Amino acid sequence: MRVDNRLANGAPMRPLACDRCAARVLVRKSSPQQTSVQWNGGAMALCAERERAGAAFEGCGSLRDTIREATLRGTIEVVDAEGDGPALGS
């Protein structure tokens, strides 16, 4: 998987596997409220929630839970932990 750092602003997207289905996506938490997820073909094929929802897919609850847990563990860092503006000296 090629990591896309174009919008990283100092903090790259990190690979993360869903605890439920093992779909591997790239994740970046810009703030507590904002999460970027980059799906690839393999992850889309593995996600049971995505398959069930079809065209109505608006997000995976299991992946959301995995991201929340990874953030609490520090595996996924929050770029702007305060959520009130740019971090990293920007």
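Source: prediction; values computed, not measured.
The two residues S62 and E49 make their nearest non-hydrogen contact at OG-OE2, 2.7 Å.
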> Which is it for R28 and S30 under the side-chain hydrogen bond (donor to acceptor under 3.5 Å, both in side chains) test, yes or no, and what are the steps along the way?
Replying inline: CA-CA 6 Å; R28 180 174 185 263; S30 296; 2.6 Å; yes
>> Could you walk me through whether L72 and E69 satisfy the side chain to side chain contact (heavy atoms under 4.5 Å, CB included) test, starting with their C-alpha distance in whole Å, then the side-chain angles of each, then the deciding distance to 0.1 Å, before giving a yes or no?
In response: CA-CA 5 Å; L72 292 172; E69 290 301 315; 4.1 Å; yes
>> Run the side chain to side chain contact (heavy atoms under 4.5 Å, CB included) test on C60 and R50 for me, step by step, so that the C-alpha distance in whole Å, both residues' side-chain angles and the decisive distance to 0.1 Å come before the verdict.
In response: CA-CA 7 Å; C60 176; R50 187 177 196 107; over 6 Å; no
> Yes or no on side-chain hydrogen bond (donor to acceptor under 3.5 Å, both in side chains) for T35 and K29, after CA distance, side-chain angles and deciding distance?
Replying inline: CA-CA 5 Å; T35 305; K29 290 286 292 170; 2.8 Å; yes
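In this structure, E77 pairs ionically with R14, as a charged nitrogen and a carboxylate oxygen lie closer than 4.0 Å.
Residues D65 and D19 are not in side-chain contact: their nearest non-hydrogen atoms beyond the backbone lie 4.5 Å or more apart. When side chains are defined from C-beta on, V78 counts as touching P32, because their heavy atoms get closer than 4.5 Å. You'll find the side chain of L26 stays beyond 4.5 Å of the side chain of V37, heavy atoms only.
Within 6.0 Å of CD in Q34 there are more than 12 heavy atoms belonging to other residues, nucleotides or ligands.
Distance CD1/I76 to CE/M13: 9.0 Å, rounded to 0.5 Å. Taking CZ of F57 as the start and CZ of R52 as the end, the distance is 10.0 Å to the nearest 0.5 Å.
At a threshold of 4.5 Å between side-chain heavy atoms, the hydrophobic network of Ile, Leu, Val, Met, Phe, Trp and Tyr places M44 and L16 in one connected group.
Geometrically, R24 does not engage W39 in a cation-pi contact, judged by NZ or CZ lying under 6.0 Å from the ring centre and within 45° of the ring axis.
T66 and R64 share no side-chain donor-acceptor pair at under 3.5 Å.
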